[in-house]
2 protein chains.
Amino acid sequence: MTGRVIINVGDGKGKTTAAMGTVVRALGQGFKVAAFQFMKGSIPTGEVKILEAHGAVVHRLGTGFSWTKESWDEDRQMAAQGWAKAKQAITGGEFDLILLDEINYVIGYGLLDAAEVAEVIKNRPKKLHVILTGRGLAEPLADIADTITEMKPIKHAYEAGIPATKGIEF
Amino acid sequence: MTGRVIINVGDGKGKTTAAMGTVVRALGQGFKVAAFQFMKGSIPTGEVKILEAHGAVVHRLGTGFSWTKESWDEDRQMAAQGWAKAKQAITGGEFDLILLDEINYVIGYGLLDAAEVAEVIKNRPKKLHVILTGRGLAEPLADIADTITEMKPIKHAYEAGIPATKGIEF
């Protein structure tokens with residue numbers, strides 16, 4: 001069976017969370033899983049511990065990405081380093097499923113090249129599944145995905161003034 | 001902090017999966033979690049084992065819901081029994097987060113009354129978070145939710161003739 005390419009996009013909740021659910025599903029099936037967090041803290045520590053307890057390899061990459069600063073050099077460098085690691089995992093053949101969390105966001109900010117990421121994923125080992133999350137859908141990635149889901153907010157707690165909640169948003 | 005009411009709806013992938021991600025998040029924060037599966041097999045066995053390993057209580061309810069049969073009596077009875085158990089957990093005060101998986105679907109088929117479910121959730125212990133998933137959004141539930149996310153398929157593997165994949169869809 002050919003590996004899947006799944007993208008979770010949109011402004012709604014659940015892009016990373018749904019990916020985490022799929023990671024747990026894959027771990028439940030005995031898959032070897034690696035997760036790359038392209039934004040610091042995108043997967044809370046407690047979850048990381050649960051994933052690791054079941055054999056997942058979790059990489060924390062990137063800075064906090066404060067989008068207001070003047071220079072992007074450091075972020076660009078960290079994104080490139082993170083991508084180099086992820087690329088190694090994608091091409092290496094060791095894993096059954098690789099999560100590239102928030103990579104869409106990083107691509108959207110021009111810190112990684114969508115065409116290169118797409119090319120590497122396209123030429124992955126046949127059985128490998130890849131999940132990409134984050135706001136912003138780059139065309140080269142949309143082209144190679146078999147499943148794209150938009151998480152669309154219909155009603156959003158933040159707008160109602162409800163603060164981020166422990167155990168739910170973090 | 002007041003408990004949240006979160007609904008995942010829509011035709012896309014990720015309603016149950018995103019909820020599973022939130023359950024893992026909550027477990028990672030040390031929450032006491034109960035999950036009620038209103039459709040048989042909605043959460044694969046491997047995942048159930050991981051959740052249970054981290055202290056979640058998972059209830060398997062319902063039949064396989066074959067929608068073509070002549071009589072709904074058995075399904076209605078099983079839904080009612082499942083709801084009675086869930087109601088007990090919601091009102092009991094033992095849990096921090098309760099997942100009612102596929103309950104929207106069961107409500108949509110008239111096997112449970114949306115207004116009653118909404119009333120019980122509305123009067124829950126203050127700190128309790130509740131997540132509801134499944135296609136179909138009943139108005140009484142939409143009214144009491146603080147967060148509703150539609151999982152909207154933009155590109156869907158099934159339509160491209162890709163079969164359900166182990167570790168991804170099941």
Side-chain angles (χ1 to χ4, degrees), chain A residues 1-4 6-10 12-31 33 43-51 53-54 96-97 129 131 137 142 145-158 160 162-163 165-170, chain B residues 1-4 6-10 12-31 33 43-51 53-54 96-97 129 131 137 142 145-158 160 162-163 165-170:
Chain A
M1 184 164 293
T2 307
R4 303 276 298 272
I6 294 167
I7 303 183
N8 296 344
V9 289
K13 276 175 59 68
K15 294 183 290 292
T16 293
T17 321
M20 294 299 294
T22 307
V23 165
V24 172
R25 175 158 303 178
L27 291 171
Q29 291 282 13
F31 282 21
V33 178
I43 307 172
T45 310
E47 278 160 77
V48 170
K49 279 185 191 159
I50 290 177
L51 300 188
H54 295 274
D96 302 300
L97 184 146
H129 306 292
I131 306 177
L137 182 58
D146 60 74
T147 304
I148 303 173
T149 306
E150 180 190 352
M151 274 62 175
K152 196 178 165 188
I154 292 181
K155 197 170 179 179
H156 205 304
Y158 299 128
I162 298 170
T165 306
K166 180 177 165 178
I168 305 292
E169 274 91 14
F170 63 92
Chain B
M1 184 166 291
T2 307
R4 303 276 298 273
I6 294 167
I7 304 183
N8 296 344
V9 289
K13 277 175 59 67
K15 294 183 291 292
T16 293
T17 321
M20 294 300 292
T22 308
V23 165
V24 172
R25 174 158 302 177
L27 290 171
Q29 291 282 14
F31 282 21
V33 178
I43 307 171
T45 311
E47 276 159 80
V48 169
K49 280 183 190 158
I50 290 177
L51 300 188
H54 294 274
D96 302 301
L97 185 147
H129 306 292
I131 306 176
L137 182 57
D146 60 75
T147 303
I148 303 173
T149 305
E150 179 189 352
M151 274 62 174
K152 195 179 165 187
I154 291 181
K155 197 170 179 180
H156 206 304
Y158 298 129
I162 298 170
T165 306
K166 180 178 165 178
I168 304 294
E169 274 91 15
F170 64 92

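We name chains A, B, ... by the order of the sequence lines, and we start the count at 1 in each one.
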Taking every non-hydrogen pair under 4.5 Å, which of B:Q29, B:K155, B:M20 racks up the most with chain A?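 Ranked by contacts with chain A, first place is B:K155.
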As an exercise: rank B:G30, B:G3, B:A145 by heavy-atom pairs under 4.5 Å with chain A and give me the winner.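 Highest number of heavy-atom pairs under 4.5 Å: B:A145.
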Should A:I162 and B:T2 be marked as a side-chain contact (heavy atoms from CB on, under 4.5 Å) after you check the CA-CA gap, both sets of side-chain angles, and the distance that decides it? CA-CA 9 Å; A:I162 298 170; B:T2 307; over 6 Å; no
Roughly how far, to the nearest 0.5 Å, is the [atom2] atom of [Y] from the [atom1] atom of [X]?
| X | Y | atom1 | atom2 | value |
| --- | --- | --- | --- | --- |
| A:I7 | B:I154 | CD1 | CD1 | 9.5 Å |
| A:T165 | B:D146 | OG1 | CG | 7.5 Å |
| B:I148 | A:K152 | CD1 | NZ | 13.0 Å |
| B:L27 | A:I50 | CG | CD1 | 5.0 Å |

So for [X], is it side chain, backbone, both, or neither that comes closer than 4.5 Å to the heavy atoms of chain B?
| X | answer |
| --- | --- |
| A:K166 | both |
| A:A19 | neither |
| A:V9 | side chain |

So, A:R25 side chain and B:G167 main chain: donor-acceptor pair closer than 3.5 Å or not?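 Judged by distance alone, no pair lies under 3.5 Å.
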Any heavy-atom pair between the side chains of A:L97 and B:I168 that's under 4.5 Å?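 A side-chain contact exists here, since the closest heavy-atom pair is under 4.5 Å.
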Output yes when B:E169 and A:R4 qualify as a salt bridge under the 4.0 Å nitrogen-oxygen rule, no when they do not.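 A salt bridge is present here (some side-chain N lies under 4.0 Å from a carboxylate O).
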